[in-house]
Amino acid sequence: MSELVIQLTRAGFLALLWLFVLVALRVVRSDLQSASGLRMSVPGAGKASRKQSRPKAKSPRQLVVTEGALSGTRITLEGRPIMIGRADDSTLVLDDDYASTRHAKLSLRGQDWYVEDLGSTNGTYLDRAKVTGPTKVPLGAPIKIGKTVIELRS
């Protein structure tokens, strides 16, 4: 092989190595931000909780895992936030390669439950739509986190 081909191969390998390092740092930074509680505030996110809410026929009482390794798991909703992720101190601990350490949070605002992605790498999806800010979760709507699917049920 010519010297030029060897030098170009070395340069390409070095560029790929730096790209890998930068992506790894981005993932670590994202996990650290979500673990420390630093999140971007979404303008207007609290407006729905300030409005007078109508009485509803059914309110969610359980969080049910419908797909994934924990299928069939039920968590009673008591009004406290539910942390979801790979961290041992999460309310719902996922053993899923596609879930982040602190992946998502379900929280009660007024009478409604909201899901919020905590800066995860692979995202959180509510009924096939990517969650970009606090989003109201209707009864029975699938929330997908990696290979795990959960629902709120009455």
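The figures here come from the full heavy-atom set of this structure, side chains too, leaving out hydrogens, waters and symmetry mates. Throughout, numbering of the chain's residues begins at 1 and tracks the sequence.
- Put simply, CG on L139 and OG on S59 are 7.5 Å apart, with the number rounded to the nearest 0.5 Å.
- In this structure, the separation between CG on L152 and CG on D112 is 10.5 Å, given to the nearest 0.5 Å.
- Of the candidates L126, I145, I143, V131 forms a side-chain contact (heavy atoms from CB on, under 4.5 Å) with just one, namely L126.
- The CZ atom of R80 lies 11.0 Å from the CD1 atom of I75; values are rounded to the nearest 0.5 Å.
- A salt bridge does not link K147 to D96: none of the charged nitrogens lies less than 4.0 Å from a carboxylate oxygen.
- Atoms CG and CZ, from L8 and F13 in turn, are 15.5 Å apart once rounded to the nearest 0.5 Å.
- Taking each heavy atom of D117 and S120 in turn, the nearest pair found is OD1-OG, 2.6 Å.
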Run W18 and L14 through side chain to side chain contact (heavy atoms under 4.5 Å, CB included) and show every step you take. CA-CA 6 Å; W18 274 108; L14 187 61; 3.9 Å; yes
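- Closest approach of T9 to V5, counting heavy atoms only: OG1-O, 2.8 Å.
- For the atom pair CG of L63 and CG of L92, the computed distance is 6.5 Å after rounding to the nearest 0.5 Å.
- Residues V64 and L106 are members of separate hydrophobic clusters, defined by side-chain heavy-atom contacts under 4.5 angstrom among Ile, Leu, Val, Met, Phe, Trp and Tyr.
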Please assess Q62 against R153 for the test side-chain hydrogen bond (donor to acceptor under 3.5 Å, both in side chains), listing each intermediate value before the final yes or no. CA-CA 5 Å; Q62 289 184 334; R153 293 191 180 163; over 6 Å; no
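- Atom CG of D89 has more than 12 heavy atoms from other residues, nucleotides or ligands within 6.0 Å.
- Nearest approach of A99 to R86, heavy atoms of both residues: O-NE, 2.6 Å.
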For T148 and L70: C-alpha separation, side-chain torsions, deciding distance, then whether side chain to side chain contact (heavy atoms under 4.5 Å, CB included) applies. CA-CA 8 Å; T148 305; L70 298 173; 5.7 Å; no
Decide side chain to side chain contact (heavy atoms under 4.5 Å, CB included) for T121 and S100; before the verdict, give the C-alpha distance in whole Å, the side-chain angles of both, and the deciding distance to 0.1 Å. CA-CA 7 Å; T121 305; S100 295; 3.8 Å; yes
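- Here E67 pairs with nothing under the side-chain hydrogen bond (donor to acceptor under 3.5 Å, both in side chains) rule; sequence neighbours left out.
- The cluster map of Ile, Leu, Val, Met, Phe, Trp and Tyr, joined by side-chain heavy atoms under 4.5 Å apart, puts L77 and V137 in the same cluster.
- For the pair E151 and P142, the tightest heavy-atom approach, listed with the atom from each and the gap, is CG-CA, 4.0 Å.
- Counting all heavy atoms, side chain and backbone alike, P60 lies closest to W113 at CG-CD1, 3.8 Å.
- Partners of D97 by side-chain hydrogen bond (donor to acceptor under 3.5 Å, both in side chains), not counting sequence neighbours: none found.
- With sequence neighbours excluded, no residue forms a side-chain hydrogen bond (donor to acceptor under 3.5 Å, both in side chains) with R10.
- Here T124 contributes atom OG1 and L118 contributes atom CG; the two are 7.5 Å apart, rounded to the nearest 0.5 Å.
- Side-chain atoms of I150 and T73, non-hydrogen and from C-beta on, never get closer than 4.5 Å to each other.
- Between the side chain of S71 and the backbone N or O of G68, no donor-acceptor pair lies under 3.5 Å.
- Between G123 and H103, the shortest heavy-atom contact is O-NE2, 2.9 Å.
- In the hydrophobic clustering of this structure, I82 groups with L108; members are Ile, Leu, Val, Met, Phe, Trp, Tyr whose side-chain heavy atoms approach within less than 4.5 Å, directly or through other members.
- Residues V149 and V65 do not share a hydrophobic cluster, defined by chaining ILVMFWY side chains whose heavy atoms lie under 4.5 Å apart.
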